[in-house]
4 protein chains.
Amino acid sequence: MARESRKDSILKAALFCFTEHGVEATTIDMIREASGASIGSLYHHFGNRERIIGALYLEGIRRYGLVLNGAFTTDSTTEQRVRSVVLGYLGWVAENPDWARFLFNSRGQVEAGPLGDELKSINALHVSRMKAVWEEMQTHGDLRTIPAPCIPALITGPAQEIAKAWLAGRLKGALLDYAEPLAEAAWRSVRADDISSGDEGRFRA
Amino acid sequence: MARESRKDSILKAALFCFTEHGVEATTIDMIREASGASIGSLYHHFGNRERIIGALYLEGIRRYGLVLNGAFTTDSTTEQRVRSVVLGYLGWVAENPDWARFLFNSRGQVEAGPLGDELKSINALHVSRMKAVWEEMQTHGDLRTIPAPCIPALITGPAQEIAKAWLAGRLKGALLDYAEPLAEAAWRSVRADDISSGDEGRFRA
Amino acid sequence: MARESRKDSILKAALFCFTEHGVEATTIDMIREASGASIGSLYHHFGNRERIIGALYLEGIRRYGLVLNGAFTTDSTTEQRVRSVVLGYLGWVAENPDWARFLFNSRGQVEAGPLGDELKSINALHVSRMKAVWEEMQTHGDLRTIPAPCIPALITGPAQEIAKAWLAGRLKGALLDYAEPLAEAAWRSVRADDISSGDEGRFRA
Amino acid sequence: MARESRKDSILKAALFCFTEHGVEATTIDMIREASGASIGSLYHHFGNRERIIGALYLEGIRRYGLVLNGAFTTDSTTEQRVRSVVLGYLGWVAENPDWARFLFNSRGQVEAGPLGDELKSINALHVSRMKAVWEEMQTHGDLRTIPAPCIPALITGPAQEIAKAWLAGRLKGALLDYAEPLAEAAWRSVRADDISSGDEGRFRA
DNA sequence: GATGAATGAGACTTCATTCAT
DNA sequence: TATGAATGAAGTCTCATTCAT
C-alpha cells in the first residue's frame, strides 16, 4: 500500500482535476500540482498523459463493473434484475460522482484518444456480457420482443439522463429519490405483456 | 446569399471538422483548410474560435427545435405526442447525423467553454418550454405520477442511447428500425395505468 | 527580396548557430534569438527543426554544386579537371567556411534525421553525376585502372582531411597554401602511367 | 574478470547503441536497456554519460593505436610503411566496423563534449608521434617535398573516404578489395620522384 | 472583405542525474 | 554493488489571435 502510494495519489489527483476542469482542459501540470508529485515522477509511472487517462478509465470500469455484476448474480427474477440494474447504477453514481462524471461524460473523448481502441474493446467486453444476459431473459419470455440493442438502452438510458442532470447540478434533491420511479418505468417499458409488477418474473410455471 | 456564402462555408467546414476530430481537437487551422478561407477571414467573420462553435450550436438547436415543435403542435393526443417526440428525434438524427453528433456528443464541452452560460440559457428555454407541456399532460391524468424531470428522460433517454450507438457505428441497419419499438416502450413507461395504447389519451371524457 | 527576408534571416541565423555550437547542440531558441524572429515565425516558415536543417543543407549542396560543375564544364583535359576539382573544393571551403563546416561536418547527423532519405537521394544524384565523368575519363585511358569508387576518394579525400583540419583550427596559414601540393598529389595518384604532369591528358594522339 | 563483466557489458551495449542510433541520439536509458543493467549501476560504474563515451573512445583509440604502431615498428622501408598504414587502417575497419564508426564518425561530437579537450590531447599525442615519423622519412628524401600536414592526409584520406562509404553501406563487396589500389595510390602521391614502386625506399645509398 | 506573416503563452515530453533502500 | 523512484531543467512544438497590407 505504501509502495503504490505515489502512483495512486497521481490517479486520485487526476480524477480530481478531471472533475474540476474536464478531461481535455486538465494539463499535466495541474495533475502534478494536485498530486504533489514531480513531472518526472508522473512520466516515470505513466509514460504520457494519455496513459494516465487510460489507467483511470480502466479502474473506473472495473469499479462500476463490480456493482453491475452484483446485480446480476444476486437477484433471481427478471424484474428484480432490471430494477437492480437501475438502482445499482444510480446508487453507484450517487456514491461515486467523480468516477461517474469521468466515466460517462468523457467516454467519447477517451475513446477518441490514442488508447481508444484498447479501451473500447474492454468496454465492448462488458457490453457483450450484459447483452447475453438480457437475451437470455428475452428467450425465457419475461421481456417483450424488442430489438436486442434497445433493452439496455431502455433500462439504463433514462437513468443516465437523470444522472447526467444530477451530476451537472440541474437536479434538486437526492439522486436516489428518482431511483424507484425509474426502476418501475424501466420494468414497464420492457416487461412482457402478461407479466405485471410483482409477478414472479422468470421461472414462472 | 452570395454575400453570406463565405460565412456559411466556414460553418459547414467547422461542422465537418467537429464530426471528424471532435470539438476540442478541431483547430482554427483545420477549419481554415476545410473551408478554403484564410485565417484572417475566419476572424473577420467570427471574432474567435468560441464564436464559431457558438454560432454552430445555435443553428443546431434552432433546426432541432423546429422538429420538436412540430411534434407538439401537430399532434393532439398525449400518446401521439410522446410517440412523435421519439420518432421526430430519431428521424432528425438519421437525417442530420453530423448536427446530431455535434449537438449531443459535444454538449458538455460546448457548455464548459466561455460562451457556455449563454448557450446553456438558450437550451434551458427549450427545456422549460417542453417541461411545461409534459406537466400539463400529467395534470390531465394521461401520464403516471412520476417526478417531473423523469418524464423527458424516459421518453428521450433510450432513444438517445440508441442514437449514440448508431452514430458511433456500433449499430447495424437503419436507425429508424428502432423508432417504433422505442416509441412504444416510451409510451408504456409513462402512460397512466388506466390508459393503454390506442386509447384516446388526452381529452378523454 | 524584402519579402524573403524573414525566411532567409532565419536560415542565416541557423547556419551561424550550427557553426557556433554544432547542429545537435543548436536549439530552436538559439536560432530564434540569433534571427530576431519569434518562435511562431520559425514554425510558420519551416514547420519544425528538422526542416530548417534540411533547407540549409539543400542550399549548401546547391551552392557547392555550382562550383564543382564549373570545374567540369570549363576545363578540357583530364589533368586540368582533376586539379580544378581539388582547387575548387579548397577554394570554396576557404571562402565559405561556415557552409563547409555545416555540410561536411554534419553530414552524418543530417542524414540520420527524419529528412535523411530525401537529402541522401539528392546527394546521391550529385555523386552519380560526378562518377559518370570520372568513368568516362578512365575509359579514355587518362586514368589508371582503379576501382571506380576510389577515384573521387583519391582526388577529394586528402583535400577533405586538410580542410577539416583547417576548419577545426588545427592548421596554421591559409588553406589555399595546400591547394597546389594536394592537386599535384591527386593527379599523381590517379594518372595513367604513361602520362606525366604537363602532358595533354585527354585527347592525346 | 567476472567482476569487470558488468562494466564491460555496459560499454559493449553503449557501442551497440552508438552504432544503431548515433552518439548524440543514444540515451542513458537505451544503454540501460541494451546492457541489462540498472540506471543506478550505470552511474555507479561511470559517474555520468560523458564518461561512458570517454571510456569507449579511449579504448577505441588504444585498439586502433596498436595496429598502427605495428605498421611502423615491423616494416623497414618507407614504401612498406606507407602501404602498411593504408592496409592496416582498412583491415582494422573491416574487422571492427562498430569501433570504426564510433571513432571516425563521431569524433567531432565526442570532442565537442565536456571531456573533449582531454580526448583531443590524447589524439594529438598519436598524431604528433606519427608526424615525427613522416617528417623523418621526408628528411631522408624518400618522400616528395610536401607541406607536412599533407602527408598523413594523402596516405589516410582516401582510405577514410572509402571506409566511410563502406560503413554507410554505399559500397558493394569487401572493404579489403580496395586496399591494394589505395595503398598503391597513396605511395604514388607521396613518393619522391626518383623512387618508384619496388625500390628500396629508405636506406638507399 | 481578404490575406497570411508574426506573435508568444503554454502544452507535452525527454533525459541526465540523484539518492534512499 | 545494485536498484529504480524521484527530480526538474530544458527542449520541441501547437495554436488562438493580432495586424499591416
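Everything numeric here is computed off the predicted structure, so don't read it as measured data. Numbers restart at 1 for each chain; the letters A, B, ... are given by sequence-line order, proteins then strands.
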What is the distance from OH of B:Y43 to P of F:dA16, rounded to the nearest Å? 6 Å
Does the side chain of A:N105 reach to within under 4.5 Å of the side chain of A:V23, using non-hydrogen atoms? no
Contact residues, residues 106-120 of chain C to DNA chain E [heavy atom, < 4.0 Å]: none
Treat primed atoms plus P, OP1 and OP2 as sugar-phosphate and everything else as base, then score nucleotides 3-8 of chain F 5' to 3': B for base contact with protein heavy atoms under 4.0 Å, S for sugar-phosphate contact only, - for none. BBBSBB
By side chain to side chain donor-acceptor pair (under 3.5 Å), which residues pair with A:R170, not counting sequence neighbours? none
How close or far is atom P of E:dA11 from atom CD1 of A:I52, stated in whole angstroms? 14 Å
Contacts of B:I28 and C:E50 projected onto DNA chain F by closest heavy atom; the upstream (5') one is C:E50
Measure from CD on C:E33 to C1' on E:dG8 and round the result to the nearest Å. 15 Å
What pairs of residues pass the salt bridge (Lys or Arg N to Asp or Glu O under 4.0 Å) test when at least one of them lies in residues 32-52 of chain A, not counting sequence neighbours? A:D29-A:R32
Where are the stems of DNA chain E, defined as at least 3 consecutive Watson-Crick or wobble G-U pairs with both distances under 3.5 Å? E:2-21 with F:2-21
In whole Å, I'd like the distance from the CG atom of A:D29 to the P atom of E:dT14. 16 Å
C:K12: what forms a side-chain contact (heavy atoms from CB on, under 4.5 Å) with it, not counting sequence neighbours? none
The answer to which of A:T26 and D:G47 contacts DNA chain E further toward the 5' end, by nearest nucleotide, is A:T26
Tell me, do D:W99 and D:L56 make a side-chain contact under 4.5 Å, heavy atoms counted? yes
Atom CD of C:E24 and atom P of F:dA10 are separated, to the nearest Å, by 19 Å
Please name all residues satisfying ring pair (Phe, Tyr, Trp, His ring centres under 6.0 Å) with B:F104, sequence neighbours left out, ordered by chain then number. B:Y64, B:Y89
Atom CZ of C:R32 and atom P of E:dG8 are separated, to the nearest Å, by 9 Å
Could you give the CZ-to-P distance, from B:R49 to F:dT14, as a whole number of Å? 16 Å
Can you measure B:H21 atom NE2 to F:dC15 atom P for me and round it to whole angstrom units? 11 Å
Would you please name every residue forming a side-chain contact (heavy atoms from CB on, under 4.5 Å) with B:H126, sequence neighbours left out? B:I61
Could you pull out all residues at least two apart from C:N123 that satisfy side chain to side chain donor-acceptor pair (under 3.5 Å)? C:Y57
Could you name each residue pair satisfying ring pair (Phe, Tyr, Trp, His ring centres under 6.0 Å) that touches residues 24-51 of chain C, not counting sequence neighbours? none
List for me each residue that meets side chain to side chain donor-acceptor pair (under 3.5 Å) alongside A:R101, sequence neighbours excluded, and say none if there are none. none
Considering only distance and modelled atom types, tabulate donor-acceptor pairs under 3.5 Å from the side chains of residues 106-116 of chain B, sequence neighbours left out.
unit_1: B:S106; atom_1: OG; unit_2: B:F102; atom_2: O; d: 2.8
unit_1: B:R107; atom_1: NE; unit_2: B:E111; atom_2: OE2; d: 3.2

